[in-house]
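Note that these values count all heavy atoms, side chains included, but never hydrogens, waters or copies made by symmetry. The chains referred to below are lettered A, B, ... by the order of the sequence lines, with proteins before strands, and numbering in each begins at 1.
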Number of protein chains: 2
Amino acid sequence: MKDLQPAEIVRLEAEAVVVLDQRRLPDEVAYLVCRSVLEVAEAIRTLAVRGAPAIGIAAGYGYALAAARGDDLDEAAAALLASRPTAVNLPWAIAAMRRGSQDPASLAERARALHEDEVERCRRMAAHAAGLLAPGTRALTHCNTGALATGGVGTALGAIREGFARGLVEHVLVDETRPLLQGARLTAWELERAGIPASVVADAAAGSLMARGDVDAVLTGADRIAANGDAANKIGTYPLAVLAAHHGIPFYLVAPSSSVDLATASGADIPIEERDPAEVTDRFPARNPAFDVTPATLVTAIVTEDGVHRPPYRESLAVLAKREPLREGTRSG
Amino acid sequence: MKDLQPAEIVRLEAEAVVVLDQRRLPDEVAYLVCRSVLEVAEAIRTLAVRGAPAIGIAAGYGYALAAARGDDLDEAAAALLASRPTAVNLPWAIAAMRRGSQDPASLAERARALHEDEVERCRRMAAHAAGLLAPGTRALTHCNTGALATGGVGTALGAIREGFARGLVEHVLVDETRPLLQGARLTAWELERAGIPASVVADAAAGSLMARGDVDAVLTGADRIAANGDAANKIGTYPLAVLAAHHGIPFYLVAPSSSVDLATASGADIPIEERDPAEVTDRFPARNPAFDVTPATLVTAIVTEDGVHRPPYRESLAVLAKREPLREGTRSG
């Protein structure tokens, strides 16, 4: 099956931001047409578009749409920023959009450049991270970090795809990722399309599969990586990191520099989204933290488009502040 | 709301074994009438009745029903033994039924005595285990280990209920327990009936709740405890034990002596049931191990009706082989 193209995930049209509605996958491939910035913010809040890089891209397009409509841009930025709190890509993208010319045509161009940059970051990350994998790797991943989450080839899932293309990845264990099943719905769907052997497992099964020796590497994305290497990611990532350490299995975070937040000192400073308990059960009281924080001490390596960062992360990530942008006009534009 | 009585969970009638159909809870309180031993075995296999002690009880009743119908008792025993492999209560109950008189009236009496014994074991376990809890305990539990699973007050959930009655338990975090949601459907329902404050959480959220300091003790049941203290229990128990150890939180197994299998040396010798992958997802390939093994090194204490067993378990559990039966006619009957 043909790979998903970046514009099939999210794109800017003349009077709308169009997103592939991820809530309806895998049963239905349907598009949601957002005709205002509030509709874009709602699409982000309700996870029609999700994944840290993808919500940054959607936010950029939403801001450009607001400019095209002649909306108040301060209000547009505020609405987008309020949609979800944890992934830093959203404020990062808004900051990039608010620097420089606020002319609608420039903003549309800049939003599309942000998207193209994320595609390029994915490509580079995947290449760096695949270099960490040994032949015969049985990889375990959590949530969805593929094309749907990034607009490009993906972060952790991009690395797995590149590893498979190089003949290194043998099989993928896909955490179903409760409560919203991004693994069982989205990652399994992407892997099926790509023809990569995969099995969905209950999140709570990962530990015993590690104990049986069925997992060689754990790869996940990250919604926000603090300056010290602590990382917020989808709920369930932290227990995987603890279990991987317990079993001596490498645990890799794969994320673009747009997910690295050097202004946040540590994981304790990352805002964690609490979502509607009804996502867990609408019959009884419930708690629904949507993210958890994995301390840097449990992370074997962090892979960005710049390469493989090793502990101590405060130093190895600091280079991201100093390096050249991918292109003029995005990071400093 | 009135407590569930033992005969409301499973009972022997003149021509049937009647079980509360746990597959339909919490939406519906409905009974399944099993008129043959094959129907009892099917009820066990499909989880209409589940929980290690409860399937032992149901098997005892099924065997007595076969005798009442004049069925071949070797075939009846074989059908029941084949229904589920992991919980030792099932072969334990069948062995108890096959010792001594095979007269239908004696077998019916013996099966009811097995049930009464489990009720008494629950009462004693709950009292012992509640003694381990400090005031203000926020307990985390997995799967369902209450009245539904035991026919009595429960194992881990019985301990939590007794702890609540003593004013020691403040709140219960209930792992939803994918794929079949025994926590979100059954444990949450039992706690609601008992008026005990509880919140359901996704299984993968337990780790971050421990990291936040929201969990004081983890209590689970066990389907089979080996002579060295290794224990098989519902998939997801092992990661909880690893996480509890990582956070310095006590991890208690609460189980009757009927779940202790001194003939099995270690967890490596316990058969682990693989259930239909469609329980996880019917859309993509999946794996569905129904149990995992927690090594004794991660278990703070094992509580049986005899009291609190501490490491080394090979010695502290060995006393179970030597002690008096709860009543004449069951363990040696």
Side-chain angles (χ1 to χ4, degrees), chain A residues 26-27 142 173-181 183-185 187-189 191-192 197-212 214 234-243 245-247 267 272 277 279-281 283-295 298, chain B residues 26-27 142 173-181 183-185 187-189 191-192 197-212 214 234-243 245-247 267 272 277 279-281 283-295 298:
Chain A
D27 298 326
H142 192 69
L173 289 168
V174 179
D175 267 6
E176 62 175 352
T177 317
R178 285 280 296 160
L180 296 175
L181 301 170
R185 292 189 301 110
T187 300
W189 183 72
L191 288 167
E192 182 183 72
S199 304
V200 177
V201 296
D203 301 325
S208 72
L209 296 172
M210 290 186 200
R212 292 183 194 192
D214 290 355
K234 177 58 54 196
I235 192 78
T237 302
Y238 170 60
L240 288 181
V242 172
L243 287 161
H246 186 78
H247 293 95
I272 298 297
E279 290 180 351
V280 178
T281 170
R283 172 65 180 81
F284 299 105
R287 289 179 64 178
N288 188 18
F291 298 89
D292 57 26
V293 174
T294 298
L298 297 173
Chain B
D27 298 326
H142 192 68
L173 290 169
V174 179
D175 268 6
E176 61 175 353
T177 316
R178 284 281 297 160
L180 295 176
L181 300 170
R185 292 189 302 108
T187 300
W189 183 72
L191 288 167
E192 182 183 72
S199 305
V200 177
V201 296
D203 302 324
S208 71
L209 296 171
M210 291 186 198
R212 291 183 194 191
D214 291 354
K234 177 57 54 198
I235 191 78
T237 302
Y238 168 60
L240 289 181
V242 172
L243 287 162
H246 186 78
H247 293 94
I272 298 297
E279 289 180 352
V280 178
T281 170
R283 173 66 179 81
F284 299 105
R287 288 180 64 178
N288 187 18
F291 297 90
D292 57 26
V293 173
T294 298
L298 297 173

With chain B as the partner, which of A/A205, A/P285, A/P197 has the greatest number of non-hydrogen pairs under 4.5 Å?
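It is A/P285.
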
Residue among A/A202, A/P239, A/A286 with most heavy-atom pairs under 4.5 Å to chain B:
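Of the options given, most contacts go to A/A286.
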
Can you name the residues that form a side-chain contact (heavy atoms from CB on, under 4.5 Å) with A/P26, not counting sequence neighbours?
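Applying side-chain contact (heavy atoms from CB on, under 4.5 Å) to A/P26 gives A/R185, A/W189, B/R283, B/F284.
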
The test is side-chain contact (heavy atoms from CB on, under 4.5 Å); show your working for B/E176 and A/T281 and say whether it passes.
CA-CA 9 Å; B/E176 61 175 353; A/T281 170; over 6 Å; no

Counting heavy-atom pairs closer than 4.5 Å to chain A, which one of B/L191, B/V242, B/L181 comes out on top?
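Highest number of heavy-atom pairs under 4.5 Å: B/V242.
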
Against chain A, work out which of B/A206, B/P179, B/A245, B/G207 has the most heavy-atom pairs shorter than 4.5 Å and name it.
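Highest number of heavy-atom pairs under 4.5 Å: B/G207.
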
With a 4.5 angstrom heavy-atom cut-off, could you sort out which part of A/A198 is near chain B: side chain, backbone, both or neither?
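When you check distances to chain B, only backbone atoms of A/A198 fall under 4.5 Å.
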
Out of curiosity, B/D203 CG to A/I235 CD1, how far, rounded to the nearest 0.5 Å?
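Here the interatomic distance stands at 11.0 Å.
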
Supply the atom-to-atom distance B/R212 CZ to A/I272 CD1, rounded to the nearest 0.5 angstrom.
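CD1 of A/I272 is found 7.0 Å from CZ of B/R212.
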
Please report the shortest heavy-atom distance between B/V201 and A/V280, naming the atom on each side.
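For B/V201 and A/V280, the tightest heavy-atom pair comes out as C-CG1, 4.2 Å.
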
Under 4.5 Å from a heavy atom of chain A, the part of B/L173 involved
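Contact with chain A involves the side chain of B/L173 alone.
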
Apply ring pair (Phe, Tyr, Trp, His ring centres under 6.0 Å) to A/Y238 and list each qualifying residue two or more places apart in sequence or on a separate chain.
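If we apply the ring pair (Phe, Tyr, Trp, His ring centres under 6.0 Å) test to A/Y238, skipping adjacent residues, the hits are B/H247.
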
side-chain contact (heavy atoms from CB on, under 4.5 Å), that's the test. Do B/V293 and A/S208 meet it? Break it down for me.
CA-CA 7 Å; B/V293 173; A/S208 72; over 6 Å; no

Given B/L243 and A/H246, is the side-chain contact (heavy atoms from CB on, under 4.5 Å) satisfied, shown in steps?
CA-CA 10 Å; B/L243 287 162; A/H246 186 78; over 6 Å; no

Go through the steps for A/L209 and B/R287 under the test side-chain contact (heavy atoms from CB on, under 4.5 Å), then give the verdict.
CA-CA 10 Å; A/L209 296 172; B/R287 288 180 64 178; 3.4 Å; yes

